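Following: one structure in C-alpha cells, then a few remarks.
Being a predicted model, the structure only gives us computed values, none of them experimental. Numbers for residues simply follow the sequence, beginning at 1.
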Amino acid sequence: QVQLVESGGGLVPAGGSLRLSCAVSGRTFTSYNMGWFRQAPGKERKIVSGINDYGDSTYYADFVRGRFTISRDNTENTVYLQMNSLKPEDTAVYYCAAQSTGYLGLKAWEYDYWGQGTQVTVSS
C-alpha cells in the first residue's frame with residue numbers, strides 16, 4: 001500500500017510563494033512518476049505539474065509554467081512543488097499523486113495513488 005502525505009499549503013497574498021511537499025511511503029519511490037494536481041470548487045481536477053521516476057523529465061501546465069517548479073528527492077521519497085508569483089486563481093486544493101507506469105501521465109485517471117490534499121489560498 002502506497003501512502004502520500006502532502007504538506008505546505010496555506011494562505012498567502014498575491015505575488016507570494018509556497019512550497020508544497022509530498023512524502024511517499026510503502027513502495028519503492030522510483031517505481032513512480034509523480035504529479036501535482038489541483039481542484040477548485042465546482043471544477044475538475046487538473047494536472048499542474050508532473051515529474052518522471054528519476055526526475056529527468058517534467059511537465060508544466062501552461063497556467064503555471066515559469067512560476068512553479070517541480071522536483072523530487074529520491075533519497076527522501078519526497079516530491080516538491082515550489083510555487084512563486086502566486087495568483088488568486090491558483091487557489092485550490094492541491095493533490096499529490098503517484099503513477100506506476102512508464103510514461104508521464106497528464107490525466108487524473110492515469111494515477112494510481114493520491115494524497116489527501118492541501119489547501120492553497122491566494123488572497124488578492
Practice item. State, with a plain yes or no, whether a side-chain heavy atom of Val79 is found less than 4.5 Å away from one of Ile70. Key: yes
Exercise for review: Taking atom types as modelled, find out whether Gln119 and Thr121 have a side-chain donor-acceptor pair closer than 3.5 angstrom.
Suggested key: yes
Exercise for review: Give a yes or no on whether the backbone of Glu89 and the side-chain of Thr91 come within a donor-acceptor separation of less than 3.5 Å.
Suggested key: no
Revision key, fill the gap. Rounding to 0.5 Å, atoms CD (Glu6) and OG (Ser21) come to a distance of 10.0 Å
Review point. Between CZ of Arg19 and OH of Tyr80, what distance do you get to the nearest 0.5 Å?
Key: 5.0 Å
Review point. Less than 4.5 Å apart, any side-chain heavy atom of Gln39 and any of Tyr95?
Key: yes
**Study point:** Between CZ on residue Arg72 and CG on residue Asn33, distance to nearest 0.5 Å
**Key:** 7.0 Å
Check your understanding: Are any of the side-chain nitrogens in Asp90 or Arg67 under 4.0 Å away from the carboxylate oxygens of its partner?
Key -> yes
Revision key, fill the gap. Taking every heavy atom of Leu106 against every heavy atom of Glu110, the minimum-distance pair comes out as N-OE1, 2.8 Å
Revision key, fill the gap. The ring-ring contact (aromatic ring centres under 6.0 Å, His included) partners of Phe37 (sequence neighbours excluded) come to Tyr111, Trp114
Point to revise | Point-to-point distance, once rounded to the nearest 0.5 Å, from CH2 of Trp36 to CD1 of Ile47 | key: 12.0 Å
Practice item. Considering non-hydrogen atoms only, spot the tightest contact between Ala92 and Ala40 and give its length. Key: CB-N, 3.9 Å
Review point. How far does OG of Ser100 sit from CG of Asp53, to the nearest 0.5 angstrom?
Key: 11.5 Å
Review point. Just checking, Arg27 and Tyr32: is the charged tip under 6.0 Å from the six-membered ring centre and within 45° of the axis?
Key: no
